[in-house]
2 protein chains.
Amino acid sequence: MPKIVDAEARRHEVVQAVFRIIASDGLERASLREVADEAGLAVGSVRHYFASSDELLVFSFGAVIDRIAGRLEASLASVEDASPESVEQHNAVLNLLGQFLPLDEELAVDACVWMAFRHAARIKPVLAAEAERSHRTVAAIVGRLIMILSPGEADDQQTLVTVAERLLATMDGLCMHALLQPEWMTAEMCSDVLMAHLRSLRTAPAGP
Amino acid sequence: MPKIVDAEARRHEVVQAVFRIIASDGLERASLREVADEAGLAVGSVRHYFASSDELLVFSFGAVIDRIAGRLEASLASVEDASPESVEQHNAVLNLLGQFLPLDEELAVDACVWMAFRHAARIKPVLAAEAERSHRTVAAIVGRLIMILSPGEADDQQTLVTVAERLLATMDGLCMHALLQPEWMTAEMCSDVLMAHLRSLRTAPAGP
DNA sequence: GGTGTTGAAGCACGTTCGTGCTAAAAACTA
DNA sequence: TAGTTTTTAGCACGAACGTGCTTCAACACC
């Protein structure tokens with residue numbers, strides 16, 4: 001009946017425009033007019049696919065969560081495939097944790113967008129549900145990683161959660177610094193800190 | 001000659017209003033009109049003390065940096081006064097690192113404001129200088145703390161910087177999680193993660 | 001070929017923003 | 001009391017925002 005347009009592809013294009021705007025100009029600049037311009041559409045067209053500005057933002061938040069979670073899941077599979085304590089496993093772990101950091105252009109955009117939405121969710125209630133999903137999803141993946149790296153700690157749920165939260169906090173802090181102070185927190189510095197933290201996970205799994 | 005008003009005190013009151021608005025509604029809501037309302041003044045009055053919106057925001061950013069740095073310096077003095085390896089020193093260190101976290105109302109407001117400005121500085125060039133000052137100041141304090149805790153590492157500048165950046169990243173990540181996911185990252189969880197990290201600093205200062 | 005649904009575009013309204021500018025109010029001096 | 005200067009208050013303008021609503025073109029089906 002109607003003009004044939006792949007609606008899902010269009011929505012994806014619009015979301016990509018949202019990502020680019022957030023990464024370069026910040027979330028508050030991701031207005032319908034700016035997004036429409038960036039996507040090469042009119043405001044009315046964007047609103048044809050997203051009923052409101054809020055719906056567009058929530059959908060975009062969900063999209064970036066899915067992208068990041070997908071990458072992490074794939075990397076986690078590599079970790080699981082490698083034999084324990086091997087060099088391959090170590091590299092797979094480094095690769096997984098590197099997914100958190102803005103090490104290339106694509107990762108940097110995702111990291112910017114992810115951070116922006118999570119911080120905005122503190123204020124905007126519409127984003128709260130996705131923010132919690134984001135935290136739950138990533139925490140689960142990091143928890144599984146910890147269980148692979150030090151299975152002994154899986155006995156004590158308390159310890160497992162603490163170790164996982166510590167790794168997660170460190171990764172988020174590293175990502176933040178890499179985004180906000182790129183001159184100080186270079187890729188090498190990220191790598192150094194990351195390896196130092198992994199070392200501390202191996203050598204000091206528990207203690208008084 | 002004129003009406004006697006303590007200009008510095010007035011500016012401080014306005015800045016406090018800015019802090020409250022940022023903490024409760026976010027930085028983008030800290031407009032001149034909102035700030036004037038919150039401070040119980042007219043827009044023209046606020047603009048009498050701050051020539052523009054940018055000037056108000058930059059001044060507020062500097063104010064929160066000074067507050068946080070002041071607290072950290074005071075806590076660092078306590079660490080320096082305590083005898084090495086003592087329980088008093090351990091508690092002083094915990095107290096210092098606790099200054100990063102939103103453990104009470106005042107700390108939470110400062111943490112919100114601090115985070116908001118640092119993230120905004122990625123986009124707004126007017127805030128860039130203060131953001132760098134913020135990073136330099138806090139990194140210097142954390143570096144001094146590391147030198148106190150493990151003087152041996154002070155030999156290798158590279159290692160010192162890595163350890164300091166790791167601690168800083170972990171603290172920023174913890175602060176972020178405490179602000180964004182307060183149900184998950186409770187005060188107890190913060191304390192657990194913090195002590196686990198301190199343990200890892202002591203037991204694994206260096207290695208292959 | 002006509003018809004109706006859908007994609008695309010745009011207008012209009014009310015709100016909020018920063019800011020230049022004006023003017024009243026207040027308080028100290030002469 | 002009259003004058004001077006700081007402080008306070010407010011108006012007006014252009015720009016940007018979200019959104020309800022209308023209009024037009026394009027295409028698949030009867």
Side-chain angles (χ1 to χ4, degrees), chain A residues 1-22 24-61 116-117 119-121 123-127, chain B residues 1-22 24-61 116-117 119-121 123-127:
Chain A
M1 319 151 173
K3 191 167 165 183
I4 278 202
V5 165
D6 187 337
E8 193 168 345
R10 265 273 192 274
R11 289 159 77 98
H12 186 257
E13 286 174 25
V14 175
V15 167
Q16 288 298 317
V18 172
F19 287 178
R20 287 194 297 272
I21 291 177
I22 292 178
S24 63
D25 297 332
L27 193 144
E28 67 278 1
R29 273 302 180 67
S31 66
L32 285 180
R33 286 172 175 82
E34 290 276 350
V35 171
D37 270 11
E38 176 72 29
L41 296 173
V43 177
S45 305
V46 175
R47 292 191 59 206
H48 178 73
Y49 295 97
F50 300 97
S52 70
S53 174
D54 280 353
E55 186 178 314
L56 171 60
L57 294 182
V58 171
F59 186 88
S60 300
F61 193 6
F117 274 124
H119 275 88
I123 299 302
K124 300 194 71 170
V126 279
L127 300 176
Chain B
M1 322 143 177
K3 187 168 165 181
I4 278 201
V5 165
D6 187 338
E8 192 168 347
R10 266 272 193 273
R11 289 159 78 97
H12 186 257
E13 286 174 25
V14 175
V15 167
Q16 289 298 317
V18 172
F19 288 178
R20 288 194 297 273
I21 291 177
I22 292 178
S24 64
D25 296 333
L27 192 145
E28 67 277 2
R29 273 302 182 66
S31 66
L32 285 179
R33 286 172 175 84
E34 289 277 350
V35 171
D37 271 12
E38 177 72 30
L41 297 173
V43 177
S45 306
V46 175
R47 291 191 58 203
H48 178 73
Y49 296 97
F50 301 96
S52 69
S53 175
D54 280 354
E55 185 178 315
L56 171 60
L57 294 183
V58 171
F59 186 89
S60 300
F61 193 3
F117 274 123
H119 276 87
I123 299 301
K124 300 194 72 171
V126 280
L127 299 176

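Order of the sequence lines fixes the chain letters, A, B, ..., with proteins taken first and strands second; residue numbering starts at 1 for each chain.
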Using whole Å, report how far [atom1] of [X] lies from [atom2] of [N].
{"X": "R10(B)", "N": "dA26(C)", "atom1": "CZ", "atom2": "P", "answer": "14 Å"}
{"X": "F50(A)", "N": "dA8(C)", "atom1": "CZ", "atom2": "C1'", "answer": "15 Å"}
{"X": "D54(B)", "N": "dC17(C)", "atom1": "CG", "atom2": "P", "answer": "15 Å"}
{"X": "L41(A)", "N": "dG10(C)", "atom1": "CG", "atom2": "P", "answer": "11 Å"}
{"X": "Y49(B)", "N": "dT6(D)", "atom1": "OH", "atom2": "C1'", "answer": "8 Å"}
{"X": "D37(A)", "N": "dA8(C)", "atom1": "CG", "atom2": "P", "answer": "15 Å"}
{"X": "H48(B)", "N": "dG10(D)", "atom1": "NE2", "atom2": "P", "answer": "16 Å"}

**OP:** Drop me the distance from H12(B)'s NE2 to Y49(B)'s OH, to the nearest 0.5 angstrom.
**Re:**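 Nearest 0.5 Å value for the NE2-OH distance: 15.0 Å.
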Under-3.5 Å N/O pairs linking protein and nucleotides 11-17 of chain D:
from    : atom 1 : to     : atom 2 : distance (Å)
dC17(D) : OP1    : S31(A) : OG     : 3.0

Subject >> Heavy-atom pair of closest approach, residues I22(B) and A30(B) >> reply: CG1-CB, 4.1 Å
**OP:** Using a cut-off of strictly less than 4.0 Å, decide whether R47(A) has a side-chain nitrogen or oxygen near OP1 or OP2 of dA8(C).
**Re:** no
Non-hydrogen side-chain atoms of [X] and [Y] separated by less than 4.5 Å:
{"X": "F117(B)", "Y": "L57(B)", "value": "yes"}
{"X": "V15(B)", "Y": "F50(B)", "value": "yes"}
{"X": "K124(B)", "Y": "D54(B)", "value": "yes"}
{"X": "E13(A)", "Y": "Q16(A)", "value": "no"}

